[in-house]
Amino acid sequence: MTPSHVLVVGASAAGLATAEALRRKGYRGRLTLLGGELHPPYDRPPLSKQVLAGTRSPDTTRLRTAEVLAALDAELLLGDPAAGLDPGTRTVRTASGRELKPDTVVVATGLRPRSLPGARGAEGVHVLRTLDDALALRSDLLASRRLVVVGEGVLGSEIAATARSMGLDVTLAGPRPAPMLAQFGPLVSGRLAALHTGHGVRLRLGEAVGGLTAARGRVSGVRLDTGEVLPAEVVVVAIGADPATGWLAGSGLSIDDGLLCDSRCRAAEGIYAVGDVAAWHHELFGAPIRLENRTNATEQALAVADNILGADRPYVPVPYFWTDQFDARIQAHGRLGPDAEATVVEGDPATGRFVVRYQRDGRVAGVLGWNMPRQARLRRPEIGRPVLSPEPSAP
Ligand SMILES: Cc1cc2nc3c(=O)[nH]c(=O)nc-3n(C[C@H](O)[C@H](O)[C@H](O)COP(=O)(O)OP(=O)(O)OC[C@H]3O[C@@H](n4cnc5c(N)ncnc54)[C@H](O)[C@@H]3O)c2cc1C
């Protein structure tokens with residue numbers, strides 16, 4: 001049955017894309033977008049890159065102009081986060097005391113960054129998730145010389161690259177021995193480590209971080225588990241983020257590293273999840289997965305809108321994300337990771353342009369392009385197929 005009122009909780013990439021897809025697919029009923037932030041929907045990938053570097057103004061991150069948003073014919077309720085949901089009656093309560101009673105709820109609340117114990121309150125300690133976070137970090141970087149980034153994942157590695165390009169003295173610290181090892185495995189992470197050190201980023205990887213030190217209310221360093229302190233004027237904590245499901249506590253919905261959904265991205269009758277917060281059953285992988293990337297926010301929104309309107313189709317994407325660090329644009333298709341065997345199949349790492357194929361259990365698990373977008377994309381259809389003949393490893 002077509003709903004008469006859809007409430008999307010979370011007014012960012014995935015929430016907005018769901019609302020737009022509903023309208024494009026012919027939904028004419030009431031549509032509400034409820035957002036926790038005061039900003040109209042904006043894009044996050046530029047925050048750790050051009051916005052932090054100052055080469056793009058914050059305005060350019062807006063996902064839609066005011067005119068386009070108005071044409072969506074949706075109520076946009078900003079700065080009023082959802083505080084609770086009763087799935088039985090589909091009643092959403094907000095922080096300001098509003099009560100909304102739609103017949104369909106879409107949960108699109110994204111992630112909340114983790115912090116380090118003891119780090120709260122000290123000046124100079126940052127996380128990066130929102131536009132306000134990016135602007136606060138930029139202003140601190142402009143007034144400082146020495147940055148330590150804690151966390152060698154995608155966000156930490158990007159921030160280290162951007163800050164180094166801004167001329168800061170940058171140290172990247174984290175427990176794994178190379179940047180993005182968990183995502184890319186040793187072959188590509190080794191290249192990434194060389195890229196960072198080649199640009200002057202100091203890598204202090206493979207050592208756990210115990211906490212931060214502060215003096216007179218301002219951060220003064222990052223303490224490793226060995227007891228050594230890495231001096232810092234600014235610290236970015238980029239140790240991952242948790243699904244923003246706190247407001248669903250007590251709702252009875254299943255939450256386990258995200259809002260658990262079936263293969264249709266449905267958490268319960270009339271309740272769907274989309275984007276970074278959604279842990280849905282991927283029929284090809286045979287398990288719940290959750291993706292934290294920009295492309296999924298858009299693609300999953302289309303699937304959710306279809307299913308709200310009665311399509312009853314599973315969502316089975318090939319995961320994809322990109323990252324920009326120094327002069328490298330790295331594009332990852334499929335499920336990579338350190339447990340997959342990685343082989344250079346095109347180009348040459350020494351030239352800064354190459355494609356890596358990942359295989360697991362005799363099948364192609366993924367493809368990664370390093371400054372070779374087209375070549376990597378062309379190999380995407382190989383994902384899931386048996387690896388027929390071993391290709392010679394490029395030099
Ligand atoms: C700095 C940064 C750089 C990135 N770079 C890349 C990249 O290069 N490539 C890539 O593929 N991906 C990148 N990503 C990831 C990508 O931006 C996310 O996957 C995408 O934003 C997910 O969209 P979303 O709408 O699910 O979540 P979000 O964009 O996090 O939006 C969730 C929204 O919900 C709001 N919200 C939270 N709780 C509530 C509540 N209780 N009530 C109402 N609203 C609420 C939040 O305030 C937020 O506005 C990056 C992310 C960040 C933070």
Side-chain angles (χ1 to χ4, degrees), residues 1-23 25-41 69 72-112 130 242-281 288 290 297 300-312 315:
M1 202 181 69
T2 306
S4 59
H5 180 194
V6 178
L7 167 64
V8 181
V9 184
S12 183
L16 177 65
T18 308
E20 291 184 329
L22 283 167
R23 286 294 189 230
K25 291 168 191 291
Y27 173 67
R28 294 283 158 263
R30 187 174 164 200
L31 187 53
T32 306
L33 261 172
L34 180 69
E37 294 176 72
L38 279 169
H39 299 288
L69 275 183
L72 187 59
D73 191 21
E75 294 161 272
L76 194 54
L77 306 176
L78 297 177
D80 189 11
L85 166 68
D86 175 352
T89 59
R90 270 161 244 152
T91 305
V92 170
R93 255 181 322 101
T94 72
S96 76
R98 275 191 178 102
E99 266 202 359
L100 296 156
K101 292 179 183 287
D103 42 32
T104 301
V105 177
V106 179
V107 175
T109 45
L111 305 176
R112 258 184 220 304
T130 66
D242 297 313
T245 50
W247 66 284
L248 295 171
S251 67
L253 295 173
S254 300
I255 291 164
D256 182 9
D257 185 36
L259 178 54
L260 282 177
C261 297
D262 65 13
S263 59
R264 274 68 180 158
C265 311
R266 190 175 41 216
E269 189 60 33
I271 300 175
Y272 295 79
V274 64
D276 286 8
V277 74
W280 86 101
H281 182 84
R290 196 171 62 70
Q300 193 168 23
L302 300 180
V304 166
D306 273 340
N307 286 332
I308 290 173
L309 299 176
D312 194 28
Y315 176 52

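Remember, it's a predicted structure, so these values are computed and weren't measured experimentally.
Within the 4.5 Å cutoff, the side chain of D276 has no heavy atoms near those of the P243 side chain.
Remark: R112 CZ is loosely packed, at most 12 non-hydrogen atoms of other residues, nucleotides or ligands lying under 6.0 Å away.
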Exercise. Run the side chain to side chain contact (heavy atoms under 4.5 Å, CB included) check on L31 and D73 step by step: do they pass?
Worked result: CA-CA 7 Å; L31 187 53; D73 191 21; over 6 Å; no
Problem set entry | Residues V107, V9; criterion side chain to side chain contact (heavy atoms under 4.5 Å, CB included); working and verdict | CA-CA 5 Å; V107 175; V9 184; 5.5 Å; no
For this session: Apply side chain to side chain contact (heavy atoms under 4.5 Å, CB included) to the pair L100 and L77, showing each step before the final yes or no.
Result: CA-CA 11 Å; L100 296 156; L77 306 176; 4.3 Å; yes
Problem set entry | Evaluation steps, side chain to side chain contact (heavy atoms under 4.5 Å, CB included), between V274 and V8 | CA-CA 10 Å; V274 64; V8 181; 5.7 Å; no
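The distance from atom CG of D262 to atom OH of Y272, rounded to the nearest 0.5 Å, is 8.0 Å. For the atom pair CG (D312) and OG (S263), the distance works out to 8.0 Å, reported to the nearest 0.5 Å. Interatomic distance, CD of E99 versus CG of D86, reported as 9.5 Å (0.5 Å rounding). Annotation: the span from L248 atom CG to I255 atom CD1 amounts to 4.5 Å, rounded to 0.5 Å. Separating the CG atom in N307 from the CG atom in L302 is a distance of 11.0 Å, to the nearest 0.5 Å. Separation of atoms CD1 (I271) and CG (L85) is listed at 4.5 Å; rounding is to 0.5 Å.
Between the R290 side chain and the V277 main chain, no donor and acceptor come within less than 3.5 Å of each other. W247 places no side-chain N or O within donor-acceptor distance of the main-chain N or O of P81, the cut-off being under 3.5 Å. Looking at T109, its side chain does come within 3.5 Å of a backbone N or O of A244 through a donor-acceptor pair. The backbone N or O of Y27 sits less than 3.5 Å from a side-chain atom of R23, completing a donor-acceptor pair.
Using a 4.0 Å cut-off between charged side-chain N and carboxylate O, D103 and R90 make no salt bridge. R30 has a carboxylate O that lies under 4.0 Å from a charged side-chain N of E75, or vice versa, which qualifies the two as a salt bridge.
Considering all non-hydrogen atoms of both residues, S254 and L259 come closest at O-CD1, 3.6 Å. Here the closest non-hydrogen pair linking C265 and Q300 is SG-NE2, 3.4 Å. Here the closest heavy-atom approach between residue L69 and residue P40 is recorded as CD1-CB, 4.3 Å. Heavy-atom minimum distance, A297 versus A17: O-CB, 4.3 Å. Listed here is the closest heavy atom pair of A305 and T18: CB-O, 4.2 Å. In plain terms, the two heavy atoms of D256 and A279 that are nearest each other are O-CB, 4.5 Å.
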